[in-house]
Amino acid sequence: MTLTLYPAIDLKDGACVRLLRGEMDQATVFGTDPGAQAKAWQAAGFGWVHVVDLNGAFAGKPVNEAAVKAILANVSVPVQLGGGIRAIGQVEAWLAAGIRRVILGSAAAKNPALVKEAARLFPGQVVVGIDAKGGMVATEGWAEVSDIAATELARRFEDAGISAIIYTDIARDGMKTGLNLEETVALAKAVSVPVIASGGVASVRDIEALRLAALAQPNLEGSILGRALYDGSLTPAEALAAC
């Protein structure tokens, strides 16, 4: 069982940042050249780059287009993008620009018909992002918490043709307190769609634990890596060896 690891580039005002629990005023800037950062992740051996337009998530429309295009210009590995994508036209435009997969988060909770239509029009290129607080789905850049359980939302897209679900435990995001494996595994058990874990990876031990869990739950497809990579508590070589 080989996991896919997705180094994250979170964009705020054109810079590469990491947040604590999704709070925009708790942003740590790790670099001002997103294209160079993406190039570095590719050079380290990662096969994907995961990009989030944080301003876009709050604004409800793409904001960091220039930074995203700089990333695309600097790498040949596939890039997946989320944050503020709320319309079919935006999905189409980003895929045409070179994004391999678009991530629909708030739209999944608020406009499931849009997600299903996007998955029909662009098979294999639509990912559903499910971000949860206490197991309940959060939207609008995590500013709003709904009354929909994460597993319930996941089941709604079981047969929609989406390529994956990214499950983020917001309480752990950026905190380096370890993945919420229990909830991630529970969500993976609820669907047959590949599930990508996100939020809290602190060290190589988290990747090893996810790989062991994936032996029993094979649709656990991989993990997104953030703060631990940026601050050096997890090296790319360690991460890739563990998966």
Side-chain angles (χ1 to χ4, degrees), residues 1-10 18-22 28 30 40-42 44-52 77-78 80 82 101 103 105 127-138 142 149-155 157-158 162-243:
M1 177 72 200
T2 301
L3 300 175
T4 302
L5 299 180
Y6 301 81
I9 298 179
D10 288 1
R18 300 304 301 167
L19 305 184
L20 294 176
R21 300 194 184 101
T28 303
F30 281 99
W41 292 147
Q42 176 176 287
F46 291 108
W48 278 84
V49 175
H50 171 83
V51 181
V52 179
V77 296
Q80 61 184 21
R101 300 195 304 207
I103 304 160
V127 173
V128 166
I130 298 181
D131 308 323
K133 286 184 177 179
M136 308 306 285
V137 175
W142 302 349
T151 50
E152 179 189 339
L153 183 62
R155 287 191 186 101
F157 299 102
E158 171 73 20
I162 61 172
S163 58
I165 291 170
I166 297 172
Y167 178 68
T168 304
D169 181 343
I170 295 168
R172 297 181 184 231
D173 191 68
M175 301 301 291
K176 297 203 312 180
T177 51
L179 287 167
N180 187 336
L181 259 185
E182 185 178 352
E183 283 190 13
T184 305
V185 169
L187 186 131
K189 285 181 176 177
V191 294
S192 60
V193 179
V195 173
I196 299 167
S198 174
V201 170
S203 72
V204 70
R205 288 189 297 276
D206 292 305
I207 298 170
E208 291 167 346
L210 182 65
R211 186 171 59 82
L212 286 174
L215 294 175
Q217 192 60 45
N219 65 325
L220 285 172
E221 191 259 355
S223 180
I224 291 166
L225 308 178
R227 184 176 290 270
L229 271 184
Y230 282 91
D231 70 14
S233 53
L234 174 66
T235 69
E238 284 178 326
L240 290 165
C243 75

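Quantities reported herein were computed from a predicted structural model and do not represent experimental measurements.
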Less than 4.5 Å apart, side chain to side chain, heavy atoms only: is that true for [X] and [Y]?
{"X": "Arg227", "Y": "Thr28", "result": "yes"}
{"X": "Ser192", "Y": "Glu158", "result": "yes"}
{"X": "Val193", "Y": "Ile162", "result": "yes"}

About how many Å separate OG1 of Thr2 and CD of Glu221, when rounded to the nearest 0.5 Å? 11.0 Å

Output for pair (Ile166 CD1, Ile130 CD1), nearest 0.5 Å, gives 10.0 Å

Would Leu234 and Ser203 count as a side-chain contact (heavy atoms from CB on, under 4.5 Å) here? Give the steps. CA-CA 5 Å; Leu234 174 66; Ser203 72; 5.6 Å; no

Checking Arg211 against Leu220 for the side-chain contact (heavy atoms from CB on, under 4.5 Å) test, could you report, in this order, the C-alpha distance in whole Å, the side-chain angles of both residues, the deciding distance, and whether it holds? CA-CA 8 Å; Arg211 186 171 59 82; Leu220 285 172; over 6 Å; no

Those residues that, when tested against Tyr230, pass ring-ring contact (aromatic ring centres under 6.0 Å, His included) (two or more places apart): Phe30, Trp41

Excluding sequence neighbours, so at least two apart, what forms ring-ring contact (aromatic ring centres under 6.0 Å, His included) with Tyr6? Trp48

Distance-only polar pair, side chains of Glu182 and Asn180, donor-acceptor under 3.5 Å: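 No, no side-chain donor-acceptor pair sits under 3.5 Å.
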
What's the shortest heavy-atom distance between Ile165 and Ala154, and which atoms?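 Where Ile165 meets Ala154 most closely, the heavy atoms are CD1-CB, 3.8 Å.
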
What's the verdict on side-chain contact (heavy atoms from CB on, under 4.5 Å) for Val195 and Gln217, showing C-alpha distance, side-chain angles and the deciding distance? CA-CA 10 Å; Val195 173; Gln217 192 60 45; over 6 Å; no

Main chain of Thr235, side chain of Glu238: is a donor-acceptor contact present, judged purely on distance under 3.5 Å?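 Flag set: sc Glu238 to bb Thr235 pair under 3.5 Å.
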
With a 3.5 Å distance limit and no angle check, can you tell me whether Glu183 reaches the backbone of Asp169 through a side-chain donor-acceptor pair?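 It does not hold such a pair.
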
Worked verdict on Val77 versus Val49 for side-chain contact (heavy atoms from CB on, under 4.5 Å): CA-CA 7 Å; Val77 296; Val49 175; 4.0 Å; yes

